[in-house]
Amino acid sequence: MPELPDVEGFRRVLAANAVGERIASVEVLDRYMLKGTTPRALGEAVNGERFGEPERHGKWLIAPVGKARVLMHFGMTGLLEWVRRGERRHPHDRVVFLCAAGELVYRNMRRFGAIRLARDEREVGRETGGLGPDAQQLSRDDFHALLAKRRGSIKAALMDQRLLAGLGNLLTDEILWRARVNPRTPVPELSSRRRDRLHDAVEACIRESIPTGRVPHGRDWLTRVRDERDARCPRCGSRLRKATVAGRTACWCPRCQRA
DNA sequence: TTGCATGTTCCGGA
DNA sequence: GTCCGGAACATGCA
């Protein structure tokens with residue numbers, strides 16, 4: 001699941017239910033999910049403290065708890081849920097924050113991803129590992145500046161979290177399809193006008209994904225059709241192409257997005 | 001049984 | 001230093 005819109009949805013789950021709640025204790029069902037910390041250190045940092053207003057940077061959810069920050073990454077199959085106290089555990093529940101009003105559950109089937117702990121605001125950047133600016137609030141000028149130093153394919157650039165944070169495989173394909181840019185295009189070959197179009201597409205795709213809390217399966221989205229066996233372009237009806245680009249399965253329209 | 005999956009990291013090579 | 005491909009990580013599903 002988790003790309004920027006999904007994590008934004010998890011942020012809302014936390015904001016709507018857990019903010020102001022005091023953490024009685026943390027249940028670490030799978031300590032493998034904890035990276036750079038231990039169940040004990042996590043407990044000592046958060047027990048008795050209250051959740052503050054959560055933030056998101058790229059695919060990371062940042063939950064203030066007292067002075068500390070609990071950092072959550074969801075890998076490919078993670079999610080966050082608010083459940084009633086004493087609710088039966090799901091087999092993939094990994095870490096649970098117990099509060100009086102309910103329980104905040106970090107679930108993750110494949111166990112990619114991590115929960116990290118920053119002792120204060122300053123440690124957040126180090127723990128999340130040098131992320132670029134969040135893709136949701138990236139000005140046109142900043143977008144141009146980022147691409148200016150880039151040489152590889154545009155698909156690789158958009159997915160590079162150190163360049164800009166939040167875009168994954170699905171969202172990147174949507175953006176390229178909307179902007180009518182072939183995923184293999186080397187960044188230096190992109191005209192200024194096409195870079196503008198890409199920036200417009202980044203903004204539009206994110207804006208339209210946020211309310212859903214996922215990459216939409218709407219009428220004019222590749223995501224709706226990309227997994228079909230005879231997938232066709234929602235715009236022109238051409239047969240969609242699939243191939244590995246920048247290490248991931250890219251999906252694009254050979255007619256709308258000519259090389 | 002094999003291949004693939006919405007993520008990240010590490011390694012070798014160009 | 002940059003960039004890419006491939007493998008690895010862990011798990012479930014078609």
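Note that the structure is predicted; figures quoted are calculated from it, not measured. Chain naming here is simple, since letters A, B, ... match the order of the sequence lines and numbering starts at 1 in each. We use all heavy atoms of the structure for the numbers below, so side chains are in, but hydrogens, waters and symmetry mates are not.
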Could you measure the distance from the CD atom of A:Glu53 to the CD1 atom of A:Ile62? Nearest 0.5 Å is fine.
13.0 Å

For A:Phe112 and C:dC9, do the ring centres fall under 5.5 Å apart while the planes stay under 30° apart?
yes

Using a cut-off of strictly less than 4.0 Å between a heavy atom of the residue and any atom of DNA chain B, enumerate the qualifying residues of residues 165-188 of chain A by number.
A:Gly168, A:Asn169, A:Leu170

A:Arg140 side chain near A:Asp200 side chain, heavy-atom distance below 4.5 Å:
yes

Nearest-Å distance for atom pair CG/C1', residues A:Asp160 and C:dG1
14 Å

Is it true that atom NZ of A:Lys67 has more than 12 heavy atoms of other residues, nucleotides or ligands lying nearer than 6.0 Å?
no

Rounded to the nearest 0.5 Å, what's the gap from CZ on A:Arg116 to CG on A:Leu71? Could you check?
8.0 Å

Salt bridge between A:Glu55 and A:Arg11, side-chain N to carboxylate O under 4.0 Å?
no

Side-chain donor-acceptor pair under 3.5 Å between A:Asp30 and A:His92, yes or no?
no

Closest heavy-atom pair, A:Gly130 versus A:Arg162, reported as atoms and distance to 0.1 Å, is O-CG, 3.2 Å

Suppose you measure atom C1' in C:dC3 against the same atom in B:dT6; what distance do you get, rounded to whole Å?
24 Å

Assign A:Phe74 to base, sugar-phosphate, or nothing according to its heavy-atom contacts below 4.0 angstrom with the strands shown.
nothing

Please tell me if A:Arg111 has a side-chain N or O lying less than 4.0 Å from either OP1 or OP2 of C:dT11.
yes

Distance check: side-chain N/O of A:Lys59 vs OP1/OP2 of B:dT8, anything under 4.0 Å?
yes

Selected nucleotide, minimal atom distance to A:Gln161 side chain, candidates C:dC3, B:dT8, C:dC9
B:dT8

Side-chain N or O of A:Thr249 versus OP1/OP2 of B:dA5: is the shortest distance under 4.0 Å?
yes

Mapping A:Thr128 and A:Asp227 to their closest nucleotides on DNA chain B, which lands nearer the 5' end?
A:Asp227

It should be established whether A:His92 places a side-chain nitrogen or oxygen under 4.0 Å from OP1 or OP2 of nucleotide C:dA10.
no

Does any nucleotide pair with B:dT6 by Watson-Crick or G-U wobble geometry, both distances under 3.5 Å, and what is it?
none

What is the separation between atom NZ on A:Lys242 and atom P on B:dA5, rounded to the nearest whole Å?
8 Å

Figure out the CG/P separation between A:Leu163 and C:dG1, and round it to whole Å.
18 Å

Using a heavy-atom cut-off of 4.0 Å across all strands, would you classify A:Ala114 as base, sugar-phosphate, or nothing?
nothing

With a cut-off of less than 4.0 Å, is there a side-chain N or O of A:Arg110 near OP1 or OP2 of B:dG7?
no

Using the P atom as the reference point in each nucleotide, state the distance between B:dG3 and C:dG6 in Å, no decimals.
15 Å

Would you measure the distance from the P atom in B:dT8 across to the matching atom in C:dG1 and give it in whole Å?
23 Å

Roughly, in whole Å, what's the span from CZ in A:Arg248 to C1' in C:dA8?
14 Å

Taking the nucleotide of DNA chain B with the closest heavy atom to each, which residue, A:Arg214 or A:Gly129, is nearer the 5' end?
A:Arg214

Please find the pair of heavy atoms, one from A:Val7 and one from A:Lys59, that lie closest to each other, and give the distance.
CG2-O, 3.5 Å

Classify A:Ser153 by what it touches in the nucleic acid, base, sugar-phosphate, or nothing, heavy-atom distance under 4.0 Å.
sugar-phosphate

Nucleotide C:dG12, atom P - distance to CG of A:Leu79 in whole Å:
14 Å

Atom-to-atom span, CE of A:Met109 to P of B:dA5 - whole angstrom
14 Å

Could you give the CZ-to-P distance, from A:Arg226 to B:dT6, as a whole number of Å?
6 Å

Which nucleotide in the list B:dG7, C:dT11, C:dT2 gets nearest to the side chain of A:Met76?
B:dG7

Strictly below 4.0 Å: does A:His73 bring a side-chain N or O up to OP1 or OP2 of B:dT8?
yes

Taken to the nearest whole Å, CZ/A:Arg94 to C1'/C:dC9 is 14 Å

Can we call the ring centroids of A:Phe74 and A:Tyr106 under 6.0 Å apart?
yes

